[in-house]
Amino acid sequence: MNHKQLIAEAENFAKEQLGQDTTGHDWFHTNRVRNTAALIAGMEGANVVICTIAALLHDVADEKLNPSKEAGLLKVQTWLAGHLPDEAACKHIMEIIETMSFSGGGGAPMSTLEGQVVQDADRLDALGAIGITRTMVFSGAKGRPVYDPEVPMRDESLKEEYRNYSKGTAVNHFYEKLLKLKDLMNTPYGLKLAEERHQFMLIFLEQFYKEWNQGAE
């Protein structure tokens with residue numbers, strides 16, 4: 001199988017698995033991450049094919065969309081074993097997917113440039129206008145309010161807290177995760193893209209509080 005065919009097969013698999021998602025982890029998110037990963041890979045000299053396949057499959061394995069992290073990873077590993085005969089490439093892609101999640105900000109750093117690229121691309125889609133929109137959609141899907149001044153910030157460095165979505169608010173999530181992402185970028189070009197999106201979120205929050213408190217004493 002040539003690279004073009006492999007990518008097409010991975011696209012179809014991702015669409016099949018994520019096409020009905022309504023939490024912001026849908027095919028369009030995956031496609032944006034794929035495109036951004038390819039862009040950063042070209043700028044940083046990474047293997048574009050490895051980055052593309054890993055980006056296309058990363059949310060198929062996401063534990064938020066599967067019964068468990070292990071079940072999600074097994075699904076991707078099984079697919080790769082049936083479509084990519086290069087064992088080293090399969091192992092590389094699985095390593096990227098296994099370690100790229102935010103997971104409360106913890107976890108091991110990405111050990112390869114390709115992993116750094118895909119992680120940056122995924123984090124970039126949680127920033128800026130798209131990131132704001134996805135946060136609101138995800139919060140609504142999980143029953144979280146947009147904002148409540150009485151709800152305290154959570155420590156999302158703790159995995160249990162990070163996964164307990166119902167206790168937070170959409171706006172709190174900016175501080176618990178999204179505004180931390182810029183300083184977690186791996187690549188120079190990823191950081192450049194993140195800075196603009198980070199600044200946009202700060203402007204949004206300033207306007208949000210202005211409107212929220214308008215007329216209040």
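Computed from a predicted structure; not experimentally measured. Note: hydrogens, waters and symmetry copies are ignored here, and every other heavy atom, side chains too, is used. Along the sequence shown, the residues carry numbers beginning at 1.
Ring geometry, W212 versus Y147: the interplanar angle exceeds 60°, so the pair is classed perpendicular (tilted spans 30 to 60°).
Formation of a donor-acceptor pair under 3.5 Å by the H58 side chain with backbone atoms of A55 is found in this model. Within the 3.5 Å criterion, the main-chain N or O of Y209 finds a donor-acceptor partner in the side chain of N213. Distance alone, capped at 3.5 Å, is enough to place a donor-acceptor pair between the N35 side chain and the N31 backbone. A donor-acceptor pair under 3.5 Å is formed between the side chain of Q119 and the backbone N or O of M100. Side-chain atoms of N186 do not come within 3.5 Å of backbone N or O of M110 as any donor-acceptor pair. No donor-acceptor pair under 3.5 Å is formed between the side chain of K75 and the backbone N or O of A71.
I132 and L179 fall within the same hydrophobic cluster, where Ile, Leu, Val, Met, Phe, Trp and Tyr residues are linked whenever their side-chain heavy atoms come under 4.5 Å apart, directly or through other members. If you chain together hydrophobic residues whose side chains sit under 4.5 Å apart, L181 and I130 never meet in one group. Cluster annotation: V151 and L205 are assigned to distinct hydrophobic clusters (Ile/Leu/Val/Met/Phe/Trp/Tyr, side-chain heavy-atom contacts under 4.5 Å, transitive). Both I7 and I50 belong to a single network of hydrophobic side chains, linked directly or stepwise wherever heavy atoms of I, L, V, M, F, W or Y lie under 4.5 Å apart. Criterion: ILVMFWY side-chain heavy atoms under 4.5 Å apart, direct or through other members. Under it, V48 and L84 are not part of a common hydrophobic cluster.
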Taking only distance into account, with no hydrogens and no angle test, what donor-acceptor pairs under 3.5 Å do side-chain atoms of residues 190-204 form with protein atoms, sequence neighbours excluded?
unit_1, atom_1, unit_2, atom_2, d
R197, NH1, L124, O, 2.8

Throw together a table of side-chain donor-acceptor distances under 3.5 angstrom for residues 88-97, partners on residues two or more places apart or in other chains.
unit_1, atom_1, unit_2, atom_2, d
H92, NE2, T112, OG1, 2.9
E95, OE2, S111, OG, 2.2

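Taking CG of L57 as the reference point, atom NE2 of H83 lies at 10.0 Å (rounded to 0.5 Å). Taken from CE in M43 to CG in L39, the straight-line distance is 7.0 Å, to the nearest 0.5 Å. We find the CG-CD1 distance between L6 and I53 to be 4.0 Å, quoted to the nearest 0.5 Å. The distance from atom CD of Q17 to atom CG of D59, rounded to the nearest 0.5 Å, is 11.5 Å. Rounded to the nearest 0.5 angstrom, K177 NZ and L184 CG are separated by 10.5 Å. Of the inter-residue distances, the one linking L113 atom CG with T187 atom OG1 reads 8.0 Å to the nearest 0.5 angstrom.
Heavy-atom minimum distance, G168 versus P145: O-CD, 3.6 Å. Of all the heavy atoms in N172 and P152, the pair that sits closest is ND2-O, 3.4 Å. Across all their heavy atoms, A129 and T133 have their closest contact at O-OG1, 2.9 Å. Scanning both residues, K180 and Y175, for their nearest heavy atoms gives CE-O, 3.6 Å. Heavy atoms only, all atoms of each residue included: A14 and T30 are closest at CB-CG2, 4.3 Å. Among all heavy-atom pairs drawn from A38 and T52, the shortest one is CB-OG1, 4.4 Å.
A heavy-atom distance below 4.5 Å is not found between the side chains of E44 and Q116. Using a 4.5 Å cut-off on side-chain heavy atoms (C-beta onward), W79 and V60 make no contact. By the 4.5 Å heavy-atom criterion applied to side chains, F13 and L18 are not counted as neighbours.
Under the salt bridge (charged side-chain N to carboxylate O under 4.0 Å, His left out) criterion, the residue pairs touching residues 125-135 are R32-D125, D125-R134, with sequence neighbours excluded.
Residue Q207 places its CD atom among more than 12 non-hydrogen atoms of other residues, nucleotides or ligands, all under 6.0 Å distant.
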Exercise. Check step by step if side-chain contact (heavy atoms from CB on, under 4.5 Å) holds for R144 and T169.
Key: CA-CA 5 Å; R144 297 193 303 191; T169 75; 5.7 Å; no

